[in-house]
Structures are given as C-alpha cells and as structure tokens.
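Below is one structure, written out as structure tokens; comments come after it.
Heavy atoms only: backbone and side chains are in, while hydrogens, waters and symmetry mates are out. Lettering follows sequence order; numbering is per chain, from 1.
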Amino acid sequence: MGDWKRSIYCGDARATAVDQELTLVGWVHSRRDHGGVIFVDLRDRSGICQIVFNPEGDAESHDKAKQLRSEDVIAVRGIVAKRSAETINPDLPTGEVELKSRSLRLLNASQVPPFIIDDDTDANENTRLKYRYLDLRRPQSMKPLLLRYRMTKLIRDYLDGLGFIDVETPVLTKSTPEGARDYLVPSRIYHGKFYALPQSPQLFKQILMVGGLDRYFQIVKCFRDEDLRADRQPEFTQLDMELSFVQPEDVMAVVEGMIALLFKELKGIELQRPFARLTYEEAMNRFGSDKPDMRFGLELCDFSAALGNCQAKVFTGAIQKGGVVKGLRIPNGATMSRKDLDDMTPFVATYGAKGVAWTKITAEGWQSPIAKFLSAAEQKEVEKISQAQVGDVVLFSADSAKIVHDSLGNLRLHLGEKLGLIPEKDYALVWVVDFPLMEFDPEEKRYVALHHPFTSPLDEDLHLLDSDPAKARSKAYDLAMNGTEVGGGSIRIHQVELQRKILGLMGIDAQEAQDKFGFLLEALSFGAPPHGGIAFGIDRLAMLLSGAKSLRDVIAFPKSQRAVCMLTDAPSEVSPRQLRELGIRVSGPDK
RNA sequence: GGGGUCGUAGUUCAGUCGGUUAGAACGCCGGCCUGUCACGCCGGAGGUCGCGAGUUCGAGUCUCGUCGGCCCCGCCA
C-alpha cells in the first residue's frame with residue numbers, strides 16, 4: 001500500500017463526499033472495458049463502489065486498469081464525482097457517485113477464481129467450502145457470521161449486566177462415562193492415558209458454583225464424536241451458564257429476557273412473555289416430540305380408548321402389547337392421491353413403524369381399506385376425537401408409544417411443510433419441562449439419564465426413585481424454537497447422597513463413581529449451594545435467527561458430513577515420530 | 001453400521017432407446033468498442049464423463065464394486 005491509507009469503506013461512498021479525494025481499497029468485483037473508459041466495481045465487506053478510469057483523466061492508471069482481473073486487490077486514489085442523472089444506478093447504495101481514478105496501485109494479483117463471487121453464485125457448497133475464503137467475500141456468506149457476532153456481543157453484555165462472570169474451563173479434560181463419544185487427546189507424558197475434549201463444561205461449572213462464583217457463563221467450544229446432521233457438527237459452540245440459589249423459574253426468567261433481547265435487537269420482533277410451556281408428557285402426546293414446532297397445529301389425537309376393542313388386529317394388537325393407537329387429522333386431505341397416502345408408509349418406516357392406516361371422510365362415509373374393521377360407532381368416535389369433517393383424511397398409527405410418537409411426530413412436520421401449514425417467518429418458542437429423570441435401556445439393562453446424571457429429580461417424585469425410577473420427573477427444562485432444541489438445562493443435584501444414589505441407579509457402582517466423578521462428589525460434600533443452569537446451542541440459535549438451513553452457514557469453517565474440514569483436509573495422518581512420542585501404534589484401517 | 005440422492009468443461013447444468021467428433025450458459029483467453037453497471041460485438045481455447053471392473057461389436061448412458069458431497073435412520077447424557 002506504500003504510504004496510502006484507506007479513507008472509507010467502498011460501500012460508504014455517498015454524495016456528501018463529492019469533490020473529496022479518497023483512497024479506496026478492495027477486490028476487483030468486475031471490470032467493464034469500453035475501449036476508452038473502463039469501469040471497475042470495487043468491493044469490500046461493506047459493498048461496492050464504481051471506479052472510473054478515463055484515458056483523459058489519468059492515462060497511467062487507465063493503462064494499468066486494462067490489465068485488472070477479477071479478485072485482484074487494488075488501491076485507488078481519486079475524486080468522488082456525482083453521476084449524471086441517466087447514469088445513476090438505483091440498485092447500488094453507492095449508485096449516485098463514482099470515484100474518478102487519479103492513481104491506481106495493484107496490491108496483489110489474483111488467479112482466476114473457481115467460481116463467480118456474487119450473491120447469486122450457483123457454485124455448490126462443496127466448492128464454496130473448499131475455497132471458503134472466496135465464498136466469504138460474498139455478502140450472503142459473511143452475513144450470518146456478522147449476525148452471530150452481534151448475537152454473542154448482546155449475550156455477553158446482557159449477562160454481564162446481571163452479574164454473570166465469564167470463566168474459562170479446560171479444553172483438555174477427563175473422559176467420563178455416559179453421554180456422547182469423546183474426542184480423545186493422547187498424553188505424551190503418560191503413555192496410554194488420554195485427555196478428552198469436553199462435551200460440555202457441565203462439571204466444571206458446577207464446581208464453580210461450589211466455589212462461590214454464584215453466576216457463571218461462558219461461550220465455549222464443545223466436542224462430541226458422533227455422526228453429523230444438518231443441525232449437528234462435531235465441534236460446536238455453547239452458551240453455558242450456571243446460577244446458585246435458584247429454582248427453574250429463575251433460570252427461565254434470565255433466559256427469556258436474553259432471548260427476547262436478541263429477537264428485539266436482531267429481528268425487530270417483540271416476543272410474547274412468558275414463553276409457552278408444555279410438560280414433556282403433553283409435548284409427546286400432542287406433538288409426538290419433546291421439541292415441538294408450535295408454529296402450526298396438526299396435533300396428534302389418541303384413539304387408543306376408542307379402538308381398544310375393534311376388529312382391526314393392527315390396532316388391538318398394539319394396545320394389548322402396551323402400545324397406543326394415535327392419529328392425525330389432515331384438513332381437506334381427501335384431495336390427496338392414493339400415492340400420497342401410500343408414500344407415508346416408507347416415510348414412517350424409517351422410524352420403525354410398520355405403516356400408516358388412513359381413511360377419507362366423504363359424504364357417503366369412510367373411504368378406507370380399514371373401514372370394514374370398524375363399527376359405525378367406532379368410526380363416529382374417531383371422527384369425534386379427531387374433529388374430522390367431510391373432506392378430511394384421518395391417519396392412524398399403532399405401535400409402542402415411542403414408535404407412534406416418533407413416526408407421527410415426524411409425519412406431522414413433513415405434512416406441515418408439504419401442505420404449506422408452517423408460517424416460515426414466524427418464531428414459536430416453547431419450554432418443555434418435567435422431563436423424565438431417566439429411562440430404562442433394555443439393551444444395556446440399566447437406567448440412563450435423559451439429560452445427564454446430575455439433574456435433580458422433582459421433590460415430589462423423590463419417593464419414586466426406590467419404587468419406579470422411570471416414573472420420576474426431573475427439574476429439567478428445554479427451550480425449543482420452531483421444532484429445534486436450542487437450549488436445555490436443569491437444577492442440579494447438590495447433595496452428595498442423592499448424587500450417589502442416582503449414579504447407582506444408572507449402574508455406576510461406588511468404585512466407578514469414585515474414579516470418574518470423585519472430584520464432584522467431594523465438592524458436593526463441602527457445602528455445595530443449590531444451583532442450576534442451562535446451555536444453548538449458539539450455532540443453532542444463529543442458524544434460526546439468520547434463516548439458514550444448515551449449521552454450516554453460520555460456522556466459518558464447518559466440517560463435512562464425514563467430519564472432514566474441506567479447507568484443510570483434516571483429519572490427516574501424522575508422522576511416525578509423533579506417534580512414537582505418544583506411544584501410539586496404529587493398527588490400520590478396519591476390514 | 002444402514003437407507004436415499006447426486007457426481008459430465010473452471011462453474012452450473014443438458015446429454016433421448018447403448019451408436020459417428022460429448023453440448024449449452026456463465027467464466028476464461030485474444031481482438032474491437034468512451035457511460036457501462038448481467039456492458040456489447042467478433043473469434044478462440046478448455047473434458048481422466050469421480051475411480052475400478054464387468055456386460056456388449058460399441059458404455060457418459062446398463063450391472064457390480066469403490067471414493068466423495070448432501071439428506072435421513074441408528075448414534076447425539
């Protein structure tokens with residue numbers, strides 16, 4: 001750049017600067033060479049400004065401008081001029097002015113870029129991620145990152161105002177049982193021993209409460225070595241917080257204030273408070289999901305009682321095995337084709353269901369393969385429960401409650417989208433509370449925590465721990481937004497005896513509890529205050545607030561579905577020497 | 001681990017029933033052009049049809065395998 005300094009960003013050039021001499025820097029967005037006059041659109045993160053090179057203006061810079069190519073980095077010094085009325089570009093914020101070049105410096109030439117750097121580029125994601133630095137030059141790609149930054153800035157300021165303290169916790173930490181697969185880091189000093197990257201700072205933040213910090217937060221990377229999804233990356237960012245001497249209501253109040261602030265500042269939306277609230281049981285019964293999308297209806301109905309004695313074996317069989325018969329009413333669904341209805345079977349098959357029964361409600365009665373198995377009274381009862389009208393379709397699913405909820409819950413989302421029932425611009429937030437504390441895992445033959453083993457049971461359910469642990473509910477709360485879980489937390493166990501008992505129920509014996517969680521148990525025994533907290537998926541929040549379809553859009557350098565960094569090609573092999581130092585021998589790829 | 005889907009020029013795509021030399025647009029290169037902003041006009045270059053087998057007289061096209069991208073199930077306290 002020599003002695004030149006940038007005057008303003010390209011996108012900030014306005015008529016108020018007319019006749020001023022400015023220095024602009026940026027990338028050559030495009031060049032239009034008319035043989036005589038040459039136009040260059042100069043781009044930086046703020047936008048685009050048109051530069052004019054005229055042979056009668058400065059012959060030297062005009063000559064140099066002939067050689068400019070896309071994505072060359074240049075500095076231009078010139079005079080801001082108002083464009084004549086007929087040459088104003090109304091599509092550009094800077095369209096009333098242009099910079100008449102007096103001097104041009106080529107700071108760095110660029111190779112021909114592999115794709116066109118423009119908002120309506122049609123390069124696919126694969127290519128864009130490999131050349132992420134080029135992709136990021138597109139405002140559309142940079143925008144979610146800017147929104148994400150504004151979001152975390154608002155969060156930090158908000159929590160700071162409430163007396164929260166940002167404390168960093170270790171990244172090299174201890175592998176603990178339960179939960180997701182750990183990313184492991186071998187120890188060079190202790191061959192055969194490993195650190196684990198944190199799945200969350202859960203235990204550290206609890207220890208901070210024991211340490212009297214009272215209110216902690218951290219925006220922190222977490223790691224889980226599980227397969228990826230559109231809304232799941234192996235490394236992701238949590239807003240983690242913990243408060244002492246609180247009830248669930250206190251945590252939710254802090255959160256609602258924060259979420260409302262984000263919506264007001266980032267979206268200009270005033271959210272209704274308090275947020276809607278459902279118990280886990282109600283969420284599952286009505287929506288078949290513990291993170292229901294509340295932007296539309298299409299709720300599940302329960303036919304178990306009505307069809308318990310009918311002639312359809314698929315229904316009665318399921319009920320006799322302890323399952324349920326539930327359904328969905330599709331308003332005006334009778335217009336759906338036989339194929340539309342039959343296509344639902346492979347859809348629910350992925351969730352373990354054997355199929356979907358259906359009936360069309362016509363003026364002449366039921367039009368359905370199962371009509372003959374249901375008496376007139378039973379049909380009437382189904383219509384009453386589902387509030388079905390002529391012209392509707394009613395769907396039925398019969399199986400275990402888990403499979404029915406899973407398949408109908410997902411079918412509800414699928415149909416909601418397909419039938420255009422979801423208002424895309426809406427935001428529906430809902431707390432789901434009173435989760436079961438644990439459920440029995442038939443494969444492992446033991447209870448596993450629904451949230452994590454440090455979640456406190458509801459006081460009134462404590463007695464169930466001895467009689468029927470699966471029935472005990474917890475002081476856990478999840479926040480769902482538009483069908484995505486964005487946050488989850490709980491009041492923790494702060495009494496060491498109860499913590500030991502819960503670990504015991506989960507099949508962790510006293511010795512293992514001591515080995516894996518000894519430091520926590522000891523801390524709890526030294527005057528741990530009642531405490532609780534919550535953690536938010538920052539990536540997911542940013543995704544929802546920016547309207548992105550994938551987490552990859554709000555992460556600067558995301559991983560592919562196979563957990564590969566497309567830019568650096570990580571993970572990669574390491575040298576034999578590195579392995580030797582770590583005491584590691586690689587057994588070769590699995591066969 | 002399983003299911004689905006995609007893979008053709010730098011990019012995005014088309015490519016019929018298996019049939020001659022694999023096309024288009026944009027981009028790129030060269031020439032012309034003094035008010036464009038999707039500049040225009042003329043000309044040109046550019047292909048391991050992801051990879052490997054197989055079927056066939058002949059494969060971008062069919063079969064099998066494999067690699068990679070994406071979506072989903074399992075998994076994700």
Side-chain angles (χ1 to χ4, degrees), chain A residues 29-42 48-57 62 69-71 81 83-92 94-95 98 100 111-131 134 176-182 199-200 202-203 222-234 236 346-353 406-407 410 414 435 437-439 441 443-444 447-455 474 476 485 488 490 502-503 506 508 535 537 549-550 552 559-562 564 566 569 590:
Chain A
H29 184 69
S30 72
R31 181 183 60 107
R32 294 177 293 280
D33 185 343
H34 287 249
V37 68
I38 296 171
F39 300 99
V40 166
D41 287 342
L42 190 64
I48 279 172
C49 181
Q50 176 164 281
I51 316 291
V52 187
F53 297 92
N54 200 299
E56 285 107 51
H62 175 266
R69 292 294 181 269
S70 290
E71 301 311 312
R83 300 201 200 177
S84 63
E86 67 277 12
T87 60
I88 286 175
N89 184 348
D91 298 330
L92 233 48
T94 61
E98 61 196 9
K100 291 191 177 301
Q111 290 195 346
V112 176
F115 55 88
I116 300 168
I117 297 180
D118 203 4
D119 265 350
D120 58 0
T121 187
D122 43 10
N124 68 27
E125 195 181 22
N126 203 2
T127 312
R128 290 193 286 110
L129 287 181
K130 185 173 173 189
Y131 301 95
L134 298 178
T176 53
E178 303 290 307
R181 195 176 292 114
D182 284 321
Q199 297 180 25
S200 88
Q202 178 61 34
L203 296 177
C222 301
F223 307 85
R224 295 178 188 177
D225 188 2
E226 299 291 348
D227 287 343
L228 289 78
R229 290 286 187 282
D231 62 353
R232 250 165 52 191
Q233 284 270 315
F236 60 100
F347 181 87
V348 297
T350 61
Y351 304 100
D406 223 17
S407 49
N410 283 103
H414 178 70
F435 277 76
L437 186 66
M438 50 183 97
E439 59 187 359
D441 184 330
E443 273 185 30
E444 298 203 33
Y447 291 99
V448 294
L450 240 79
H451 269 82
H452 54 58
F454 319 108
T455 302
S474 68
E485 182 197 329
S490 64
I502 298 284
L503 290 175
M506 293 175 189
I508 297 170
K549 285 265 187 288
S550 163
R552 294 185 294 277
K559 304 258 186 309
S560 79
Q561 181 141 57
R562 295 286 304 278
V564 168
M566 302 296 281
D569 230 15
D590 288 341

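Residues forming a ring-ring contact (aromatic ring centres under 6.0 Å, His included) with A:His29 (at least two apart in sequence, or on another chain): none. Annotation: ring-ring contact (aromatic ring centres under 6.0 Å, His included) contacts of A:Phe115 (sequence neighbours excluded): none. Under the ring-ring contact (aromatic ring centres under 6.0 Å, His included) criterion, A:Phe223 pairs with no residue, sequence neighbours left out.
Residues A:Val564 and A:Asp569 form a side-chain contact, since some pair of their non-hydrogen atoms from C-beta on lies under 4.5 Å apart.
An OP1 or OP2 oxygen of B:U12 is reached within less than 4.0 angstrom by a side-chain nitrogen or oxygen of A:Asn124.
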All N/O pairs under 3.5 Å across the protein-nucleotides 66-68 of chain B interface:
residue: B:G68; atom: OP2; partner: A:Arg562; partner atom: NH1; Å: 3.1

Extract from the structure each pairing of a protein N or O with an N or O of nucleotides 37-39 of chain B at less than 3.5 Å, listing the distance.
residue: B:C37; atom: O4'; partner: A:Arg32; partner atom: NE; Å: 3.1
residue: B:C37; atom: O2; partner: A:Gln50; partner atom: OE1; Å: 3.3
residue: B:C37; atom: O2; partner: A:Asn89; partner atom: ND2; Å: 3.2
residue: B:C37; atom: N3; partner: A:Arg83; partner atom: NH1; Å: 2.7
residue: B:C37; atom: N4; partner: A:Arg83; partner atom: NH1; Å: 3.3
residue: B:C37; atom: N4; partner: A:Thr87; partner atom: O; Å: 2.3
residue: B:C39; atom: N4; partner: A:Asp33; partner atom: O; Å: 2.4

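Between A:Phe39 and B:U36, a base-stacking contact is recorded: ring centres under 5.5 Å apart, planes less than 30° from parallel.
Nucleic acid contact class of A:Ile48 (heavy atoms, under 4.0 Å, all strands): none. Residue A:Pro113 is out of contact with every strand shown, counting any heavy-atom pair closer than 4.0 Å.
Comparing A:Arg552 and A:Ala180 by the nucleotide of RNA chain B whose heavy atom lies nearest to each, the residue mapping closer to the 5' end is A:Arg552.
Rounded to whole Å, the separation between the C1' atoms of B:G4 and B:C13 comes to 22 Å. One C1' atom belongs to B:G18, the other to B:C57, and the distance between them is 12 Å to the nearest Å.
Residues from residues 225-232 of chain A with heavy atoms under 4.0 angstrom of RNA chain B, sorted by number: A:Glu226, A:Asp227, A:Arg229, A:Ala230, A:Arg232.
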